[in-house]
Structures are given as C-alpha cells and as structure tokens.
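Beneath this line is the structure, given in structure tokens, with notes to follow.
In listed order, ligands and their atoms are each counted from 1.
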Amino acid sequence: MSGRFITFEGGEGAGKTTQIKALTHFLSKMAKETLCTREPGGTPMAEALRDLVTLGPTGRWSALEEMLIMYTARSELVRTIIKPKLEEGVWVLSDRFADSTTVYQGFAGGVPLDRIRQLHSIVLGEFAPDLTIILDLPPDEGLRRVNSRAQTISRFEKHPAEFYQKVRNGYLQIANENPDRCAVVDAGLPIGQISEQICQLVADKFNNELTL
Ligand code: TMP
C-alpha cells in the first residue's frame with residue numbers, strides 16, 4: 001500500500017473536522033491526493049448505520065450492539081473505500097476509526113477490551129492507521145462547544161459526565177500504550193497552533209514521502 005492512513009480521534013467538540021480540513025490543505029500543497037472520510041459513515045450503507053446508531057434515545061442499543069454496528073459499518077468502509085484508495089496511493093484521513101470503539105464502547109461503555117480486540121481481528125486482521133492524532137480536551141469544554149452548535153444532539157451526547165471522563169482517559173491510555181502510532185495534541189490551544197502542530201507531526205513522521 002503506498003497511501004497513508006491517518007485517523008483523528010477525540011471526545012465531543014474536540015475540533016476534528018476543522019483539523020482534518022487543515023491537514024488536507026497541507027497535504028495538497030505536498031502534491032498528495034487525499035480522501036476524507038468519517039466513522040460511523042463514509043459510504044451510503046455506513047451512513048444509514050450511522051443514523052441508526054447515533055439517533056434516538058440513549059438506551060436504544062447496548063454497548064455490545066453498538067460495537068457490532070460500528071464494526072459492520074467499518075468493515076464495509078474499509079473494504080470498499082479505504083483499502084482501494086490506499087492501494088491507489090491516496091492518503092486517507094478519517095474522522096474517527098477503531099479507537100473510538102475501544103474508548104466509547106469499551107472504556108466508557110463497559111464492553112471488555114479483549115472482546116473488541118477479538119472482533120477487530122476477525123473483521124480487519126492487522127489493519128491499523130499509520131498515524132492517529134488524538135485531540136485532547138476536558139469533557140466540559142468539549143460538551144460546551146457541542147451544545148453551542150445548532151445541530152441534532154446524538155445519542156452519544158446524552159451520557160452522564162463520568163462517561164466523557166472515561167472517554168478522555170481511555171484515549172490517553174491508548175496513546176500511552178501505542179506511542180509509535182498515536183500523538184496527543186492539546187485541543188484547547190488556538191486552532192492555528194493545533195494545525196501547525198499536526199502538520200509538523202505529519203512532516204516528521206513521513207518526511208521521506210513528502211516534498212517539503
Ligand atoms: P462524531 O460526529 O463526533 O464523529 O460523532 C459520532 C459519535 O459516535 C461520537 O459520539 C462517538 C460515537 N462513536 C462510537 O461510540 N463508537 C465508534 O466506534 C465510533 C466510530 C463513533
């Protein structure tokens with residue numbers, strides 16, 4: 001595979017979408033073709049699953065059922081879009097990926113982490129991002145940002161405060177355990193500074209592949 005797979009992770013309101021746009025712009029200046037996608041979603045089938053899993057009352061699905069839906073959507077997205085694009089040499093940037101399941105359904109939702117690992121291995125084998133940017137923000141600040149936006153509140157934005165603290169701690173634990181793949185960026189900094197840090201991280205990690 002000659003493209004690179006970069007994922008963005010973080011709690012609610014961490015600013016992933018803005019930072020994906022900034023990195024896309026940076027990579028296009030390096031003459032890299034990019035494709036942005038999101039999870040759950042990214043294909044018509046997976047977007048339909050996104051509506052099923054993100055809308056409605058919090059208790060509609062158990063965390064185990066959410067995990068199964070997330071991996072169904074992920075399997076289709078990886079098979080039909082992500083892998084073919086990487087093989088064409090495209091750099092794929094995804095707003096969330098498998099770490100979201102580990103954190104939301106595992107650390108915060110209570111599904112044992114080894115079950116999630118087993119399912120990951122069944123569905124995707126060893127497939128993993130080349131780089132994961134974790135945008136870290138105190139949950140109060142993230143939820144304040146989300147609530148100030150005029151948009152439908154998702155099932156995942158209706159949990160008690162402890163849930164979001166577990167999400168944050170889960171991401172920090174993943175970063176600690178996977179230092180070669182993950183980089184934590186302070187999402188409380190001004191937007192421009194965050195973008196600079198992310199572009200620098202990408203430039204350092206893939207310096208042989210980018211024409212700076
Ligand atoms: P987003 O628009 O912030 O990406 O919202 C998607 C929501 O779905 C977010 O609250 C996190 C949740 N989610 C999971 O719980 N598990 C997953 O595997 C993924 C990809 C997302």
Side-chain angles (χ1 to χ4, degrees), residues 5-21 36-43 45-79 81-82 92-113 115-124 127-129 132-137 139-171 173-174 182 187:
F5 183 35
I6 303 177
T7 58
F8 284 72
E9 296 281 358
E12 326 306 311
K16 293 178 279 97
T17 315
T18 310
Q19 294 307 328
I20 287 174
K21 280 192 195 137
C36 299
T37 188
R38 70 169 182 180
E39 282 213 340
T43 71
M45 298 292 276
E47 288 290 329
L49 291 172
R50 178 187 179 93
D51 286 349
L52 270 181
V53 75
T54 60
L55 301 180
T58 315
R60 170 179 271 181
W61 304 105
S62 70
L64 186 78
E65 290 155 0
E66 288 169 3
M67 171 189 79
L68 295 170
I69 297 171
M70 297 299 178
Y71 267 95
T72 303
R74 182 164 304 135
S75 172
E76 202 244 351
L77 175 66
V78 170
R79 175 175 61 82
I81 307 274
I82 297 180
V92 179
L93 312 186
S94 186
D95 185 338
R96 301 193 179 280
F97 192 63
D99 293 320
S100 284
T101 311
T102 304
V103 164
Y104 282 81
Q105 282 66 52
F107 284 106
V111 178
L113 298 185
R115 297 239 176 113
I116 302 180
R117 276 188 218 108
Q118 279 170 9
L119 183 62
H120 185 97
S121 155
I122 291 167
V123 176
L124 296 178
F127 184 74
T132 297
I133 311 280
I134 296 175
L135 292 170
D136 178 54
L137 193 66
D140 291 357
E141 170 59 10
L143 290 169
R144 194 191 56 70
R145 292 183 187 177
V146 167
N147 291 329
S148 67
R149 294 177 196 156
Q151 63 177 30
T152 318
I153 301 289
S154 97
R155 286 180 60 244
F156 295 99
E157 288 155 12
K158 297 176 189 164
H159 284 288
E162 312 87 79
F163 183 92
Y164 303 103
Q165 197 53 54
K166 287 182 188 163
V167 165
R168 185 184 196 194
N169 294 343
Y171 276 127
Q173 189 167 324
I174 289 177
C182 298

_Ring-plane angle category for Phe163 and His159, please: parallel below 30°, perpendicular beyond 60°, tilted otherwise._
parallel
* **Non-hydrogen side-chain atoms of Lys16 and Arg96 separated by less than 4.5 Å** => yes
Per the under 4.0 Å non-hydrogen criterion, ligand 1 touches Glu12, Lys16, Glu39, Pro40, Arg50, Met70, Arg74, Arg96, Ser100, Thr101, Tyr104, Gln105, Phe156
The ring-ring contact (aromatic ring centres under 6.0 Å, His included) partners of Phe97 (sequence neighbours excluded) come to Phe5
Here the salt bridge (Lys or Arg N to Asp or Glu O under 4.0 Å) pairs for residues 53-69, sequence neighbours left out, are Glu66-Arg155
Looking only at heavy atoms, the pair that brings Ile134 and Tyr171 closest together is CD1-O, 3.6 Å
Those residues at least two apart in sequence (or on a different chain) that pass side-chain contact (heavy atoms from CB on, under 4.5 Å) with Arg144 are Glu141
